[in-house]
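For reference, the structure discussed in these notes is given below.
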Amino acid sequence: MTLKLNDRYLQKFIRPDEYTCIQGAVNVAHDALINKSGAGSDFLGWTSLPDDYDREEFARIKAAAQKIRSSCDVFIVIGIGGSYLGARAVIEFLCSQQYNALNGSLPDIYYAGCNISAASMQELLTICEGKDVCINVISKSGTTTEPAIAFRVFRALLENKYGKDGAKERIFVTTDRCRGTLKSFSDDAGYETFVVPDDVGGRFSVLTAVGLLPIAVAGIDIDALMQGASDARHDYASPDICQNDCYRYAAIRNILYRKGKVTEILVGYETYAQMFNEWWKQLYGESEGKDGKGIFPASVIFSTDLHSLGQFIQDGTKNQFETVISVENSGASFEIPADPANVDGLNFLSGMQLDEVKKTAMIGTLLAHEDGGVPNIVLELADRSAHSLGYLIYFFELACAISGYILGVNPFDQPGVEAYKKNMFALLGKPGYEQQKAELQARLGAN
């Protein structure tokens, strides 16, 4: 089994009859998703994507990845939110946080357009000095501020270095199929383009060209990634939460939410899971946080964060629960050495595998947090493979949709994201925002 939900550490917090009581709401959510009758039904393309993806584009993604790998030292992925988080999460989960130091002959991969930092931009430009560079800009419209600025900068870098004709062979664009500023510009410039599907929102787009091109550049088997997602799709077809661990997870989240557990902490026990946690936070934060509702998504990497946030989780306010991802077969082996002097008193661990110590630490933490009043869901992932990660990605996407419908929100819009953009545009003097600028300046006490 690729993924198994272990509810051993929930039994003090959820009675058996509560699962029975929420099954009706799960059935309604399932029907809304399958029949495309729920809110946001125009954005359900991700549900069938693992089986119905564009094979011709998939082949072009592989060819472009090979071209990038053979022609550059540095590959810059330009995007923000779902336009880069999924790819980075997969690359670091399957390769390493230290990918650039360990990638062998593959290009180093860096990320731009995901912040507004002069220091970060200067650092990336310094890294590119004397290197062959390719870029992949990912934006539906091409007008989102952060990636648009980064694209300006790196497009100029490539054109100055290679000329316009040379640059167009190194610029790859993932954007709308036929509309938008970036699509028109790319067609005129002769860039190779890939599609952000109309019916797949950004945070659900990792298994489209949005995520697959950078993932393929990193040498990851995207066929196995898609197969894992496909297997999950077929395994989670039943709405019965006694048979469907994905729907059971969604149900558990809502049962705990109704008991005042309004914060979910995603727990990883491997450093390579850190960016996956960030992807998960966007997925659930944008999908559920609206209409005055939602479970706040937080994350930690244990045992590191047991020495910072562990105290709060153990003894602090009891408004949170944890979801732990346990990779059952890490694929790594490291034996703890003996110390003849036994300076640290740890010779009882000599000869033991470090992974065994980690798993023991996890069990000890689960028992301690259970005793401290914190419910824990454990998701046991078979291994650290592309297939298993594709399976896990689909698990979380599907559970997010079902959970959002149970919660009573549209899981596929994000109206609150636009508020800061409008204020920023007004204060920066974008044409058409004059009235809003005056109102904001009055609020700030400006002349």
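Note that these values count all heavy atoms, side chains included, but never hydrogens, waters or copies made by symmetry. We count residues from 1, following the sequence as given.
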For residues [X] and [Y], report the shortest heavy-atom separation together with the two atoms involved.
| X | Y | answer |
| --- | --- | --- |
| Val210 | Ser205 | CG1-OG, 3.4 Å |
| Ala218 | Tyr99 | CA-OH, 3.6 Å |
| Leu158 | Ile135 | CD1-CG1, 3.9 Å |
| Ile91 | Pro214 | CD1-O, 3.6 Å |

Quick one: do [X] and [Y] make a salt bridge, cutoff under 4.0 Å?
| X | Y | value |
| --- | --- | --- |
| Glu278 | Lys281 | yes |
| Arg88 | Glu92 | yes |
| Glu270 | Arg384 | no |
| Arg179 | Asp198 | yes |
| Glu192 | Arg170 | no |

For [Y], does its backbone N or O pair with a side-chain atom of [X] as donor and acceptor, under 3.5 Å?
| X | Y | answer |
| --- | --- | --- |
| Tyr19 | Ile241 | no |
| Asp132 | Asp73 | no |
| Ser117 | Ser120 | yes |
| Thr126 | Gln122 | yes |
| Asn244 | Asp240 | no |
| Ser141 | Thr143 | yes |
| Asn103 | Ala101 | no |
| Thr47 | Leu44 | yes |
| Ser287 | Leu283 | yes |
| Tyr249 | Phe396 | no |

* **Criterion salt bridge (charged side-chain N to carboxylate O under 4.0 Å, His left out) on Glu129 and Lys161, from CA distance to verdict** => CA-CA 10 Å; Glu129 289 178 4; Lys161 185 177 178 70; over 6 Å; no
Does [X] [atom1] have over 12 foreign heavy atoms under 6.0 Å away?
| X | atom1 | value |
| --- | --- | --- |
| Arg55 | CZ | yes |
| Lys164 | NZ | no |
| Lys4 | NZ | no |
| Tyr272 | OH | yes |

* Dump the intermediate steps for salt bridge (charged side-chain N to carboxylate O under 4.0 Å, His left out) on Lys140 and Asp176, then the final yes or no. => CA-CA 5 Å; Lys140 185 79 168 172; Asp176 191 272; 3.1 Å; yes
* To do: In sequence, state the C-alpha distance, the side-chain angles, and the governing distance for Tyr53 and Phe58, and then conclude on ring pair (Phe, Tyr, Trp, His ring centres under 6.0 Å).
  => CA-CA 8 Å; Tyr53 59 89; Phe58 199 77; 4.7 Å; yes
* **Polar contact flag, side-chain donor to acceptor under 3.5 angstrom, Gln436-Asn423** =>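 Checked: Gln436/Asn423 side chains pair up, N/O donor to acceptor below 3.5 Å.
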Which class fits the ring pair [X] and [Y]: parallel under 30°, tilted 30 to 60°, perpendicular over 60°?
| X | Y | answer |
| --- | --- | --- |
| Tyr391 | Tyr236 | perpendicular |
| Phe302 | Tyr269 | perpendicular |
| Phe204 | Phe412 | tilted |

* Asked: Under the salt bridge (charged side-chain N to carboxylate O under 4.0 Å, His left out) criterion, do Glu169 and Lys67 qualify, and how do the steps go?
  -> CA-CA 9 Å; Glu169 298 301 318; Lys67 180 180 178 180; 2.8 Å; yes
* Is there a ring pair (Phe, Tyr, Trp, His ring centres under 6.0 Å) between Phe75 and Phe172 once you walk through the steps? -> CA-CA 11 Å; Phe75 180 52; Phe172 301 83; 7.4 Å; no
* Write out all pairs satisfying salt bridge (Lys or Arg N to Asp or Glu O under 4.0 Å) with one or both partners inside residues 30-50, taking only residues at least two apart or from two chains. =>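 Checked against salt bridge (Lys or Arg N to Asp or Glu O under 4.0 Å) - neighbours excluded - no pair reaches residues 30-50.
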* To do: Check the pair Trp280 / Phe276 against ring pair (Phe, Tyr, Trp, His ring centres under 6.0 Å), numbers first and verdict last.
  => CA-CA 6 Å; Trp280 175 88; Phe276 184 84; 8.7 Å; no
* Does the salt bridge (charged side-chain N to carboxylate O under 4.0 Å, His left out) test come out yes or no for Glu264 and Arg253, once each step is laid out? -> CA-CA 8 Å; Glu264 180 177 12; Arg253 297 178 77 251; 2.7 Å; yes
* For the side chain to side chain donor-acceptor pair (under 3.5 Å) test, which of Gln282, Arg203, Lys290 pairs with Gln414? ->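 Option passing the side chain to side chain donor-acceptor pair (under 3.5 Å) with Gln414: Arg203.
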* To do: Under the salt bridge (charged side-chain N to carboxylate O under 4.0 Å, His left out) rule, collect the residues that match up with Arg248, sequence neighbours excluded.
  =>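 Per chain and number, Arg248 pairs via salt bridge (charged side-chain N to carboxylate O under 4.0 Å, His left out) with Asp7.
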